[in-house]
Amino acid sequence: MTVVRRNLFKPFSSLTFLTPQKRLKSYTPQFKSPSKYCYNLNFRSSLDSNFDEKEKNTLNLNHPILQKVDACCNLAQFPQIHAQLIILGLFQHPLAASRVIKKLSSLPNGLNLAVSLLEKLEEADAFMCNTIIRSYLNQGNPDSGLVFYYHYVIGGCIMPNHYTFPLMIMVCVDVGSAVDGEKFFGVMPQRDAVSWNCLIDGCARLGDVIAARECFDRMPNRNVVSWNTMLSLYVRCKEYDECVTLFDRMMKGKVQPNEATLVSVLTACGYLCRLDRGKWIHQYIENNRRIKPDVLLYTSLLTMYAKCGDMDMAKNVFDSMPEKSVVSWNSMIMGYGSHGLVEKALETFLEMEKSGKIPNEATFICVLAACAHSGKVLEGWWYFDVMHRVYKIEPKVEHYGCMVDLLGRAGFLKDTEELTKEIHMKGGSALWGALLSACHTHSDIQLGEFVGKWLIEQKPKDIGAYLLLSNIYAAQGRWEDVDKVRKLLKDKGLHKEAGCSKACFGESELDYSLKDGSIHKRNMIHSMMRQISSQVKLSGSEMAYQCDT
DNA sequence: ATAGGGTTAG
């Protein structure tokens, strides 16, 4: 791929503008049209560009030929439209050409043809180029977007406009090039909020959240999308606390949140189990007519309730939804499954099927996880099979992960081992950890030792396997082996971060860490755990709290 | 014509 870099860093006013004829000659077409539709674009009728200046300004937007362009829905209809445009003398009309390029780029396989058509125009403009670049971007082909920009916009001396730059920042981000993205930001004649917002999101997508925040803090005129961009990127990189904190600042600064804002914050509240904040946002939605909840907002609201364990409220929101998406159903199944209401989870799945919504990959992860939590081995196998056989979903590593977990917890270690080996052959090595965990739960020391040693060999920097292996030894009282594993960890300079829990009581929060020296906190938490444990025992569950003070 | 939003095991 050759990238023409000339002129990029010159101020645009200093570009020499070529005459249209020269410009046409300077093009070397790189984009082949599909042969099926490769009719002669070089044909020019004498009527081709005979519209006068008056007509140029007053072309009726409802002109029958433009309506025909809009209605065109496949490439096969296009040669006829093209011919009519030429006969009407409208082929070179900028307005007509823009409509044609926009339509062509949206048709399957039409993008190459749109580019060939642009080459034949005497006056291609920024709008047309932006349309084509955006289509490359949307089709997951940012490289071609970049080549197009250098070749046709820079090479063809078409003046980019303020729509071009944000687009090019996104192109560079998708290509994975921070440097080019910053250069585009650097050469922009004026930087509006849109380009700043693209830059912020671009930094985050390239993995630099700190830089994104710096841009956000530095930018002069933030709008609601700037805040939303920042909130959503915090959610994407799992910095939920940051998301809520920034939302507080937003509200203090009297910036009016919109639907997208609330979606991000609700998602963060769900992961943080901040039911109080989530409820506050629910109230906010109901008290502000300005907010028009759509499927996305309703779904994030019910997901928040589901993650916080309030399944009644989740169900209320779910029932009130005028329209439900696959994601809404998935969230309900996930909520029921992870709060021990397995029957409800499976019932919801059946209702989903009845309602005609087609389950997706994520649905089956929720269903299989629900089966795993409750030890429903047969049901798990059944749904695993339904997924493949009925819904034609190829099981992914995640699905196998649920199955290994399901079989492992239930103690079917032999099946688990075989399944893990099978997946390993298919290239997924991530499941050995789950198998090792199952060995620990069911005290299968022989298999556990084998898998643990193997895992440590494979992933010497991953501390998970060391800890599980050492726990397996400890459970057998093999303290010498425990010491060996611990020493191995120490020799490699690895150490485990102390675990940390957080509990919220109304307005107050309590952080608790094992390395925490506060005896008072520790005693308080252990006594509370004992109380919970005795209540669990009374309710007939086998689960009990082991407290080692 | 441009920028921002929901689900996924252990």
Side-chain angles (χ1 to χ4, degrees), chain A residues 98-99 101-102 105 125-131 133-135 137 161-170 173 192-202 204 219 222-233 235-236 243 257-268 270 293-304 306-307 317 321 324-335 337-338 359-373 380 396-406 408-409 430-438 440-441 464 468:
Chain A
S98 296
R99 286 273 268 275
I101 286 176
K102 183 148 199 196
S105 343
D125 63 21
F127 178 96
M128 304 167 188
C129 294
N130 295 346
T131 305
I133 295 170
R134 187 171 306 120
S135 301
L137 192 63
N161 64 11
H162 70 288
Y163 286 92
T164 316
F165 295 103
L167 198 54
M168 289 315 296
I169 293 176
M170 290 193 289
V173 169
D192 55 10
V194 178
S195 35
W196 274 101
N197 295 346
C198 287
L199 190 70
I200 292 170
D201 197 54
M219 75 177 280
R222 286 187 279 265
N223 61 16
V224 67
V225 181
S226 322
W227 291 89
N228 293 353
T229 306
M230 208 55 220
L231 292 171
S232 74
L233 75 85
V235 171
R236 265 204 315 264
C243 176
N258 65 13
E259 290 79 3
T261 320
L262 302 178
V263 166
S264 294
V265 184
L266 280 170
T267 308
D294 53 12
V295 202
L296 270 71
L297 185 49
Y298 277 126
T299 304
S300 62
L301 188 60
L302 90 80
T303 307
M304 181 279 297
K307 281 206 155 69
V317 177
M321 288 172 73
K324 300 170 178 66
S325 68
V326 183
V327 182
S328 329
W329 286 97
N330 292 354
S331 273
M332 285 305 288
I333 298 172
M334 181 274 298
S338 52
N360 64 9
E361 282 177 23
T363 316
F364 283 99
I365 290 174
C366 300
V367 170
L368 294 175
C371 295
H373 283 155
K396 289 190 7 186
V397 181
E398 287 85 348
H399 299 107
Y400 282 113
C402 294
M403 290 310 287
V404 168
D405 190 37
L406 173 76
R409 277 178 197 248
L431 300 182
W432 291 94
L435 176 58
L436 183 55
S437 177
H440 175 223
T441 311
L468 278 168

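Lettering of chains follows the sequences in order, A, B, ..., and the numbering in each one begins at 1.
- A:Asn360 has its CG atom 13 Å from the P atom of B:dA9, to the nearest Å.
- Which of B:dG6, B:dA1, B:dT2 sits closest to the side chain of A:Val194 comes down to B:dT2.
- For B:dA3, its base sits under 3.5 Å from the side chain of A:Asn223 at one donor and acceptor pair at least.
- Nearest nucleotide to the side chain of A:Ala369, out of B:dT7, B:dG5, B:dA9: B:dA9.
- A straight line from CG of A:Leu167 to P of B:dA1 spans 15 Å, rounded to a whole angstrom.
- The separation between A:Leu301 atom CG and B:dG5 atom P is 19 Å, rounded to whole Å.
- Here the shortest heavy-atom pairing between A:Val317 and A:Tyr298 reads CG1-O, 3.7 Å.
- Out of B:dA1, B:dT7, B:dG5, the shortest distance to the side chain of A:Asn161 is found at B:dA1.
- Residue contacts for A:Val235: at a heavy-atom cut-off of 4.0 Å it reaches no nucleic acid atom on any strand shown.
- Using modelled atom types, one finds a donor on one side chain and an acceptor on the other under 3.5 Å when comparing A:Ser328 with A:Ser325.
- For A:Asp192, whose side chain is taken as the heavy atoms from C-beta onward, the closest listed nucleotide among B:dA3, B:dT2, B:dT7 is B:dT2.
- Side-chain contact check for A:Pro359 versus A:Phe364: some heavy-atom pair is nearer than 4.5 Å.
- Under the 4.5 Å side-chain criterion, counting only non-hydrogen atoms from C-beta, A:Val367 is in contact with A:Ile333.
- Residue A:His373 places at least one side-chain N or O closer than 4.0 Å to OP1 or OP2 of B:dG10.
- Checking B:dT7, B:dG4, B:dG10 against every side-chain atom of A:Thr303, the shortest atom distance belongs to B:dT7.
- Counting distance only, with no hydrogens placed and no angle test, the side-chain atoms of A:Thr299 and the base atoms of B:dG6 include a donor-acceptor pair under 3.5 Å.
- Separating the CG atom of A:Leu231 from the P atom of B:dG4 is a distance of 14 Å, rounded to the nearest angstrom.
- Checking B:dG4, B:dG6, B:dG5 against every side-chain atom of A:Glu259, the shortest atom distance belongs to B:dG5.
- Side-chain N/O atoms of A:Asn258 and base N/O atoms of B:dG4 include a donor-acceptor pair closer than 3.5 Å.
- Checked against B:dT8, B:dG6, B:dT2, the side chain of A:Arg134 finds its nearest nucleotide in B:dT2.
- Note: OH (A:Tyr298) to C1' (B:dG6) measures 14 Å, nearest angstrom.
- Using a 4.0 Å heavy-atom distance criterion, A:Arg222 is classed as making no nucleic acid contact.
- Contact between the side-chain N/O atoms of A:Arg409 and the OP1/OP2 oxygens of B:dG10 is found at a separation under 4.0 Å.
- Counting only heavy atoms from C-beta outward, the side chains of A:Thr299 and A:Met321 approach each other to under 4.5 Å.
- Picking from B:dA3, B:dG5, B:dT7 the nucleotide with the shortest atom distance to the side chain of A:Val327 gives B:dT7.
- When rounded to the nearest whole Å, the span between CE of A:Met332 and P of B:dG6 equals 19 Å.
- Atom CH2 in A:Trp227 sits roughly 17 Å away from atom P in B:dG5 (whole-Å rounding).
- With distances taken from any side-chain atom of A:Thr267 to the nucleotides B:dG4, B:dT7, B:dT2, the minimum falls on B:dT7.
- Using a 4.0 Å heavy-atom cutoff across all strands shown, A:Met230 reaches no nucleic acid atom at all.
- Side-chain N/O atoms of A:Lys307 include none lying less than 4.0 angstrom from OP1 or OP2 on B:dG6.
- Within the 4.0 Å cut-off from OP1 or OP2 of B:dG4, not a single side-chain nitrogen or oxygen of A:Arg236 is found.
- The nearest whole Å value for the distance from the OH atom in A:Tyr400 to the P atom in B:dG10 is 19 Å.
- Base contact: A:Asn130 has a heavy atom under 4.0 Å from a base atom.
- Nucleic acid contact class of A:His399 (heavy atoms, under 4.0 Å, all strands): none.
- Comparing B:dT8, B:dG5, B:dT7 against the side chain of A:Ser331 picks out B:dT7 as the nearest.
- For A:Asn161 and A:Asp125, the side-chain atoms include no donor-acceptor pair closer than 3.5 Å.
- Of all non-hydrogen atoms in A:Pro166 and A:Cys198, the two that sit nearest each other are CB-SG, 3.5 Å.
- B:dA1 has its base stacked against the ring of A:Tyr163, the centroids being under 5.5 angstrom apart at an interplanar angle below 30°.
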